[in-house]
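Position 1 is the first residue of the sequence, and the numbers go up from there.
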Amino acid sequence: KSGLDLEGVGKKNVEQLVREGLLHSIADFFRLEAAQLSGLDGWGEKSAHKALAAIAAKKELPLARLIAALGIRHVGEVTAEVLGAHFAALDALMAADRASLLHIDGIGAQTADSLIDYFEDAENRLMLTQLHQAGVRLLATVPEAGSLEGRVFLFTGTLHQCSRDEAKALVKRHGGQVATSLSQRVTDVVIGEKAGSKQ
């Protein structure tokens with residue numbers, strides 16, 4: 001769901017396409033043809049055309065959605081949104097050095113190293129080139145600044161869906177502020193597991 005989220009193409013379908021040699025990378029989704037799918041066990045013309053329509057609809061997608069779909073270690077949906085909001089284009093992210101990545105709120109050392117390793121890999125760079133050749137167009141993330149304007153968040157305890165740094169980055173991206181201690185300025189307290197005395 002956090003990746004391409006192709007309607008009509010579930011996990012079992014993907015596994016089948018890999019077994020049949022039709023899928024080797026994400027770019028291969030955009031090369032599939034109706035005749036290839038409709039001839040497979042469990043498929044028909046209707047399901048093939050439905051799947052291809054869902055794939056075609058993803059030829060334009062937000063940069064953050066693609067980042068989440070790449071399966072980069074330590075990069076989940078929240079981190080992908082942070083990166084998508086920071087970089088105007090995929091080329092800019094690919095060219096970013098470690099120091100630049102570490103200056104982004106919500107990006108730690110492990111994530112920065114993982115991103116550098118991923119984009120330095122020749123096979124990964126080839127796959128991204130193939131996506132471009134297949135007509136995939138990445139859309140810049142439109143900031144949603146203002147939706148949390150005027151609100152000040154204080155985080156305490158362990159969060160499950162994302163790290164505290166990632167959560168803080170999202171708050172800032174949406175126009176909110178983050179406090180480091182409880183005060184009259186704080187409008188929202190987010191309490192995770194094993195929260196301290198801030199609550």
Is the closest side-chain heavy-atom distance between [X] and [Y] below 4.5 Å?
{"X": "Val190", "Y": "Leu159", "value": "yes"}
{"X": "Ile67", "Y": "Phe87", "value": "no"}
{"X": "Leu63", "Y": "Leu83", "value": "no"}
{"X": "Trp43", "Y": "Asn13", "value": "yes"}
{"X": "Leu131", "Y": "Phe30", "value": "yes"}

Has [X] got a side-chain atom pairing as donor or acceptor with [Y]'s backbone, closer than 3.5 angstrom?
{"X": "Thr129", "Y": "Arg125", "answer": "yes"}
{"X": "Arg164", "Y": "Phe155", "answer": "yes"}
{"X": "Thr187", "Y": "Val152", "answer": "yes"}

For [X] and [Y], which heavy atoms make the closest approach, and how far apart are they?
{"X": "Val171", "Y": "Gln177", "result": "CG1-O, 3.8 Å"}
{"X": "Ala51", "Y": "Leu37", "result": "CB-CD1, 4.4 Å"}
{"X": "Ser38", "Y": "Ala48", "result": "N-CB, 3.9 Å"}

Compile the donor-acceptor pairs under 3.5 Å between side chains in residues 112-120 and protein atoms, sequence neighbours left out, one pair per line.
from, atom 1, to, atom 2, distance (Å)
Asp113, OD1, Arg98, NE, 2.5
Ser114, OG, Arg73, O, 2.6

Checklist line | Cluster overlap Leu102 with Val75, hydrophobic side-chain contacts below 4.5 Å | finding: no
Next item on the list: Tell me whether Leu126 is reachable from Ile26 by hopping between hydrophobic residues (I, L, V, M, F, W, Y) whose side-chain heavy atoms are closer than 4.5 Å.
Entry: no
Notebook entry, point to check: Could you go step by step and tell me if Arg31 and Gln130 meet the side-chain contact (heavy atoms from CB on, under 4.5 Å) rule?
Noted result: CA-CA 10 Å; Arg31 299 192 185 98; Gln130 290 171 339; 3.3 Å; yes
Next item on the list: Taking side-chain contact (heavy atoms from CB on, under 4.5 Å) as the test, write out the residues that go with Ala34, two or more places apart.
Entry: His49, Leu52
If I take atom [atom1] from residue [X] and atom [atom2] from residue [Y], how far apart are they, to the nearest 0.5 angstrom?
{"X": "Arg151", "Y": "Arg185", "atom1": "CZ", "atom2": "CZ", "result": "14.5 Å"}
{"X": "Asn124", "Y": "Leu70", "atom1": "CG", "atom2": "CG", "result": "8.0 Å"}
{"X": "Ile72", "Y": "His74", "atom1": "CD1", "atom2": "NE2", "result": "11.5 Å"}
{"X": "Lys50", "Y": "Ser47", "atom1": "NZ", "atom2": "OG", "result": "9.0 Å"}
{"X": "Leu128", "Y": "Leu66", "atom1": "CG", "atom2": "CG", "result": "6.5 Å"}
{"X": "Lys58", "Y": "Leu6", "atom1": "NZ", "atom2": "CG", "result": "6.5 Å"}

Checklist line | Leu22 and Leu40: CA distance, side-chain angles, deciding distance, side-chain contact (heavy atoms from CB on, under 4.5 Å) verdict | finding: CA-CA 11 Å; Leu22 296 175; Leu40 297 177; 4.0 Å; yes
Item checked: Stepwise side-chain contact (heavy atoms from CB on, under 4.5 Å) check, Leu23 with Val14 -> CA-CA 8 Å; Leu23 284 184; Val14 173; 4.1 Å; yes
Check: Does Glu15 CD have over 12 foreign heavy atoms under 6.0 Å away?
Finding: yes
Margin query: Apply side-chain contact (heavy atoms from CB on, under 4.5 Å) to residues Val189 and Phe153 and explain how you reach the verdict.
Written below: CA-CA 6 Å; Val189 178; Phe153 288 74; over 6 Å; no
Item checked: salt bridge (charged side-chain N to carboxylate O under 4.0 Å, His left out) partners for Arg19, two or more places apart -> none
Next item on the list: Indicate whether any N or O donor in one side chain lies under 3.5 Å from an N or O acceptor in the other, for His160 and Glu193.
Entry: yes
